[in-house]
2 protein chains.
Amino acid sequence: MQHQRPKIVDVARLAGVSTATVSRVLSNPEIVSAETRRLVEEAIRQTGYRLNQAARNLRIRRTGGVVALVPNLSNPFFSQILAGMAAVLAPVGYNLLVADTRAEGGRSILTYAEPSRADGLIVLDGTLPAEGLTGRLPLVLACEWIPGIAAPRVKIDNREAAMMAVDHLIGLGHRRVAHVAGPRRNVLSEARLAGAERALAAHGLPAPIVLPGDFSLESGRRAGAAWLALPPAERPTAVFLASDAMACGFIGEVQHHGVMVPRDVSVMGFDDIELVSHMTPALSTIRQPREALGRKAAQRLLDRIEGDDRDEDTILPVELVLRASTAPPGS
Amino acid sequence: MQHQRPKIVDVARLAGVSTATVSRVLSNPEIVSAETRRLVEEAIRQTGYRLNQAARNLRIRRTGGVVALVPNLSNPFFSQILAGMAAVLAPVGYNLLVADTRAEGGRSILTYAEPSRADGLIVLDGTLPAEGLTGRLPLVLACEWIPGIAAPRVKIDNREAAMMAVDHLIGLGHRRVAHVAGPRRNVLSEARLAGAERALAAHGLPAPIVLPGDFSLESGRRAGAAWLALPPAERPTAVFLASDAMACGFIGEVQHHGVMVPRDVSVMGFDDIELVSHMTPALSTIRQPREALGRKAAQRLLDRIEGDDRDEDTILPVELVLRASTAPPGS
DNA sequence: CGGAGTTATGTAATCGATTGCAAGAGGGGG
DNA sequence: CCCCCTCTTGCAATCGATTACATAACTCCG
């Protein structure tokens with residue numbers, strides 16, 4: 001009665017060879033003679049043998065896993081990035097472990113940054129503390145980044161992208177534009193705000209009215225309420241929001257109060273999440289190459305794991321996507 | 001020059017105790033005398049020792065990981081369920097590994113179902129083949145399920161929920177209602193369609209016009225196009241869609257063609273994803289308790305891992321959420 | 001026919017923890 | 001003073017694979 005999981009010695013015994021040979025068939029088949037290989041493979045089939053990963057990991061000192069730390073799993077923006085990562089990691093034998101840095105039931109995020117838990121780490125949350133992250137595991141920062149940490153970054157040029165967005169609004173004739181920012185002390189928020197300010201300044205226009213936000217739908221709705229609260233004459237005729245989610249919230253809120261987009265206010269988002277092309281009006285926005293960001297980040301991590309320790313950044317291009325939510329003021 | 005990672009024997013040596021004692025301090029502190037414990041803890045601090053998970057896993061035969069198999073990571077519907085799972089798993093020391101069953105770069109999904117890779121498996125994709133899944137790992141099915149597989153299911157009553165939705169439309173006075181279904185051969189699609197049919201039949205109304213869909217935004221848009229293609233007199237005055245994503249696509253498409261919701265057509269979704277309460281009009285829908293679904297599934301899995309092998313289902317209650325997208329016909 | 005070179009396989013150490021068993025120390029009761 | 005019991009701690013086997021090194025068999029060539 002052999003109720004246990006068969007192990008490598010069971011296979012070896014059945015095939016009449018040593019465990020070393022079975023192991024070779026498993027991980028380096030070509031160095032085993034064809035006949036022996038056949039024998040071993042047959043024995044594997046008969047016993048229903050399955051490799052024990054924990055044992056292998058212990059021996060070869062790798063875990064086969066890569067951890068991605070995202071600030072918010074429920075944000076669809078990240079899912080596609082993760083899909084891009086998985087697409088390059090899976091074929092070379094890595095599992096992608098996803099952890100939400102916000103929603104952690106007590107255990108420190110840093111337990112994920114253990115060399116014995118994972119072979120590499122991709123961080124998508126710029127607000128994590130630098131200490132503890134650095135010097136442990138091959139590391140890549142994607143989208144957001146942590147100031148002062150030395151690791152390859154894969155990102156877009158956020159300032160430039162924000163300038164493109166605001167330039168577009170200015171080009172349509174808008175003179176008073178508001179910016180709904182992302183969370184405070186977030187590198188993305190700061191870069192996008194800086195870009196918006198710079199574009200306006202470059203055209204000799206006043207600095208934007210800045211409304212607070214945190215990338216979430218609900219904060220976009222609040223920004224909409226804030227906009228509505230302004231005396232109509234003072235309302236900016238265009239609003240550039242640091243995320244599409246906020247743009248959705250904003251549009252929803254002002255539309256509920258009878259405001260027409262883009263007639264009464266032009267709205268520009270950021271990210272180009274799938275949904276916004278289906279809204280009414282379809283949202284003008286900045287497209288981030290999410291899948292590509294994920295792929296590239298994963299590739300850089302694989303490089304790092306292989307020992308490549310250059311720290312250079314990768315900047316991916318964005319695209320201005322013009323749809324129906326922006327138009328000349330009062331049109 | 002000790003450049004290696006310290007291991008348990010290094011700590012033991014420094015503290016002047018055996019490795020057994022160090023191990024006890026790590027996993028069972030109370031059986032070690034206070035003085036020795038202090039010594040060992042000090043040595044751990046000095047050496048910067050960190051436990052090697054692979055070694056522990058090998059020895060105690062657990063991996064500390066739980067795998068969730070989702071059909072589509074980019075669907076925000078799932079993220080919140082995953083967050084619920086992580087919230088119960090993390091505190092008891094389990095990592096949540098997320099894998100997308102569609103976007104897999106070659107490697108079989110079943111490699112995840114290895115006892116040596118994970119301690120348990122939560123499947124959210126009802127289209128996976130039953131063979132291979134069963135009999136390997138403690139298993140729980142959530143939301144969707146695989147017919148003929150014996151495992152606890154955590155889900156809602158989809159047929160009942162669909163009936164609630166359609167009853168509501170009928171109550172508003174609609175007589176011709178369409179249903180945009182989910183993917184073929186999907187248990188959810190079938191249950192929701194059955195519910196819609198049943199509700200109509202119960203009121204002596206004709207069976208719904210069924211438009212094909214696959215839960216995606218884009219398929220909702222196509223359904224919108226199909227609805228528009230009907231002669232106005234034959235158009236159903238209400239549409240019940242099997243997912244909110246499709247409802248967004250549907251509304252976007254018909255609005256682009258000048259159709260007013262709910263004046264010209266009432267729209268009812270399913271899921272209550274965060275976004276739909278912010279749309280214009282805000283969507284009436286069926287709320288699934290996503291977070292709770294995730295928590296419950298994780299709890300059932302923990303039970304299973306502990307050896308509880310009851311297979312009973314857990315049915316969580318849904319909620320009819322009435323917003324602005326449904327109204328009496330022609331209002 | 002002997003020795004070098006090549007190929008296939010086996011032996012045994014190793015990865016870094018956990019834990020059953022045994023033994024030593026100290027306390028209490030008879 | 002001896003025996004038994006409890007509390008700590010150490011010894012050494014163990015988890016299940018990988019792989020450096022040794023060895024055996026075979027080929028090839030002068």
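The sequence lines fix the lettering, A, B, ..., with proteins before strands; numbering per chain opens at 1.
Between A:Arg45 and A:Glu42, at least one side-chain N (NZ, or NE/NH1/NH2) sits under 4.0 Å from a carboxylate O, which counts as a salt bridge. Salt-bridge check for B:Arg38 with B:Glu35: passed, with a basic side-chain N closer than 4.0 Å to an acidic carboxylate O. Salt-bridge formation is detected for the pair A:Arg13/A:Asp10: a Lys NZ or Arg NE/NH1/NH2 atom is positioned less than 4.0 Å from an Asp or Glu carboxylate oxygen. The residues A:Asp311 and A:Arg304 are annotated as salt-bridged, a charged nitrogen and a carboxylate oxygen being separated by less than 4.0 angstrom.
Between B:Asn186 and B:Phe215 the shortest side-chain heavy-atom distance falls below 4.5 Å.
Residue-level contact check: B:Val17 touches the backbone only, with heavy atoms under 4.0 Å from sugar-phosphate atoms and none from bases. Contacts of A:Val22 with the nucleic acid, taken as non-hydrogen atoms under 4.0 Å apart, are absent. B:Ile60 comes within 4.0 angstrom of sugar-phosphate atoms only, judged by non-hydrogen atoms across all strands, and of no base.
Between A:Arg295 and A:Val88 the shortest heavy-atom distance is CA-CG1, 3.5 Å. Of all heavy-atom pairs spanning A:Ala15 and A:Val40, the tightest one is CB-CA, 4.1 Å. The minimum heavy-atom distance between A:Tyr94 and A:Asp119, with the atom names listed, is CE2-OD2, 3.2 Å.
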Is there a side chain to side chain donor-acceptor pair (under 3.5 Å) between A:Asp125 and A:Thr101? Walk through the geometry before answering. CA-CA 8 Å; A:Asp125 182 344; A:Thr101 57; 2.7 Å; yes

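Between its opening and closing five pairs, the helix from C:dC1-D:dG30 to C:dG30-D:dC1 changes axis direction by 50°, a value rounded to 10 degrees.
Side chain A:Arg59 to base C:dT14: a donor-acceptor pair is found below 3.5 Å.
Between B:Pro183 and the choices B:Ser189, B:Pro71, B:Ser216, the side-chain contact (heavy atoms from CB on, under 4.5 Å) rule is met once, by B:Ser189.
When the C1' atom of C:dT14 is taken as reference, atom CZ of A:Arg56 falls 16 Å away, rounded to whole Å.
Against DNA chain C, the stretch residues 23-51 of chain B makes heavy-atom approaches under 4.0 Å through B:Ser23, B:Arg24, B:Tyr49, B:Arg50, B:Leu51.
The outermost nucleotides of DNA chain D lying under 4.0 Å from heavy atoms of chain B, listed 5' to 3', are D:dT8 to D:dG16.
Here the nucleotide nearest the side chain of B:Ala20, chosen from C:dT14, C:dT19, C:dG10, is C:dT19.
Between A:Asn52 and A:Arg5, the side chains place no donor N or O within less than 3.5 Å of an acceptor N or O (distance only, hydrogens not considered).
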